[in-house]
2 protein chains.
Amino acid sequence: MDNFTLRQLRYFEALAQHGHFGRAAEACAISQPALSVQIRELEETLGAALFERNARQVRLTGFGEDVAAKVRDILLSADELADFARLSRDRLTGRLRIGVIPTIAPYLLPTIIGDLTRRYPGLDMRLRETLTPRLIQELAEGRLDTAIVALPVSEPSFTEVPLFSEEFVLVRPSADADKPVPNAETLREMRLLLLEEGHCFRDQALSFCNMNSSLPRELLDGSSLSTLVQMVGAGIGVTLIPEMAVPVETRSASVSLARFDAPRPSRRIGMIWRNTTPLADQLQEVAEVVRQSAETLAGRAAGATART
Amino acid sequence: MDNFTLRQLRYFEALAQHGHFGRAAEACAISQPALSVQIRELEETLGAALFERNARQVRLTGFGEDVAAKVRDILLSADELADFARLSRDRLTGRLRIGVIPTIAPYLLPTIIGDLTRRYPGLDMRLRETLTPRLIQELAEGRLDTAIVALPVSEPSFTEVPLFSEEFVLVRPSADADKPVPNAETLREMRLLLLEEGHCFRDQALSFCNMNSSLPRELLDGSSLSTLVQMVGAGIGVTLIPEMAVPVETRSASVSLARFDAPRPSRRIGMIWRNTTPLADQLQEVAEVVRQSAETLAGRAAGATART
DNA sequence: TTGTTGCAATAACTTAAAACTATGGACAAC
DNA sequence: GTTGTCCATAGTTTTAAGTTATTGCAACAA
């Protein structure tokens, strides 16, 4: 087996360079006998003499010269590894895999991508948009580093940190703009358009009306908030969308917005990660950046809602 | 400073591969706590977590994956070094720098180059032809590994091994073929052509006649044995050449050869190397190959002399 | 020859590193 | 709860690497 050590290779390089045991030892900050022993052991492991010692000088053998070239290569790679580690230390770097639910992703991502790359230059951000159960699964399997979802998730192996709350806004045809704002009960009488099954936002909306997802209802499910708003604009029914979606989704559709009276429906959005992730500290930082991005966005959204 | 060890890198690779401390430790033939400690120390040296440990599995972090790639590279280079050493062990390999004096080189080299490359495939042989003093200097300085010269050299720092003796043959014009063979005294009366100063063979020839090199003589010095023989052919004088040169140098010239009566002039040819060279064992082997090459050559030379 | 000097090797010993066994604590599964 | 798996920690022993002191060899000057 080849059990020489990196230390021996460093000593070897020093001796090859200085051609003198005493000075090479000094350069390595060890005593001359220590160097002699390590060089001898390296020669024994390799099975051939690396140096020719004579009374006036220490010189590499032909074999030693060949070895020296390879040793330089190894030590260079080792130093590069150390450098790489030093540069990565205490810094969020390399790959960061973030999962986001579909009712957040289109509105929040454009902002946070910019904010995060600005905050962490050189970060290789990989984004995944899918439904909560899959995000949870991928996070548990280590295929994601973190996810932005609606809280609570209640997985004991995950840490949750709240980011913000967002209220739900009623979207109804422009014609209804002057009608009174319905409450949870009256909403149940209306034709409520919802996202298809699996979206957490669907359940959150239903829960506001105290309705059960699995009850037989006359339903028209949309695959995205955008679709739902278009359907409302066509006079097919009403829907709820999260506040954050308002500026994007109601820009071009002829619909009217209405805010509920208290208790207003809302949901809490947060970040989750594995309890065991070594990135916990850095993810706390990321959460803070996301929180601020969302705050900025909410300000704009509120403005948009007010104008409508 | 970066003081991780190759051992830690090997353990790291095993753990990255197995994803399980117990099994990785087994693969490394150490106990599980030993592995845990070494991995922890590697992580401390690098300043960041390499693995995420949880109850069911051990998984590389993003940083760990980057490190794993670099570690593979380092370990590969280390293994290559070990392989290279193992292949070189006990085998004459790589560069071998041989010096030869000019009165031997043209006759011996063609044969021994062939014999040595046949005997040591992959040997990178580098030949140097020059006068003895320079060979000695270059050998002492480590710019040659060995030299083939006339013995004795009497350098206490060199080891000498005899290869063979060769007699000197008188070369005289064809017209003199039937004259009696001169002895040392009568030779002194003839016009003796010699190599220029610096060639050991010049001194060896002179010493046979009990003449001093520095004595004022009517001389015509040649720069090679070939030149001398041509001059003899032109009737300018007589010369001595070593037996080994006979087949090559007298092939085309119209000269006659004569062997002296006892005591015949001769010289001993041998190989020398630094006492301290680690190649001593291999050079002994080389000497044996050269000796046999010379023997073959001498047989042919004797045949040629007889025929003339 | 005979010190003397410079330098690497060796010896004897100490300190540091790495291994072992035994045990503890977290967590998932039953 | 209880059990089993698995990694971390503790305490101890073994091995590796370093120290100082000394020896031995070769070169050089007297």
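A, B, ... follow the sequence lines: proteins, then strands. Residue 1 opens every chain. Small disclaimer: the values here were computed from a predicted structure and weren't measured.
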For this session: On DNA chain C, check which nucleotide each of V37(A) and R7(A) is closest to and give me the residue with the more 5' one.
Result: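 Nearest-nucleotide comparison on DNA chain C picks V37(A).
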Please work out if [X] contacts a base, only the sugar-phosphate, or nothing of the nucleic acid, heavy-atom cut-off 4.0 Å.
X       : result
A34(B)  : sugar-phosphate
S157(A) : nothing
P33(B)  : base
Y11(B)  : sugar-phosphate

Send over the distance from [X] [atom1] to [N] [atom2], rounded to a whole Å.
X      : N       : atom1 : atom2 : result
Q8(A)  : dA17(C) : CD    : P     : 16 Å
Q38(B) : dC20(C) : CD    : C1'   : 13 Å
N3(A)  : dA19(C) : CG    : C1'   : 15 Å
R40(A) : dA8(C)  : CZ    : C1'   : 12 Å
I39(B) : dA18(C) : CD1   : P     : 13 Å

For this session: Establish, yes or no, whether a centroid distance under 6.0 Å links the rings of F63(A) and F84(B).
Result: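 Centroid distance F63(A)-F84(B): below 6.0 Å, so yes.
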Exercise. Ring centroid separation for F51(B) and F12(B), is it under 6.0 angstrom?
Worked result: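 Yes; F12(B) has its ring centre under 6.0 Å from that of F51(B).
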For this session: State whether the distance check finds a donor on one side and an acceptor on the other, under 3.5 Å, for side chain Q32(B) versus base dA8(D).
Result: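 By the distance-only test, yes, there is a pair.
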Problem set entry | Residues E13(A) and Q17(A): side-chain donor-acceptor under 3.5 angstrom |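 Q17(A) and E13(A) do not have a side-chain donor-acceptor pair below 3.5 Å.
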For this session: State, without any angle test, whether T103(A) and R267(A) hold a side-chain donor-acceptor pair at a distance under 3.5 Å.
Result: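 Yes, a side-chain donor-acceptor pair sits under 3.5 Å.
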Exercise. OP1 or OP2 of dT19(D) less than 4.0 angstrom from a side-chain nitrogen or oxygen of S31(A), does that happen here?
Worked result: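 Result: yes.
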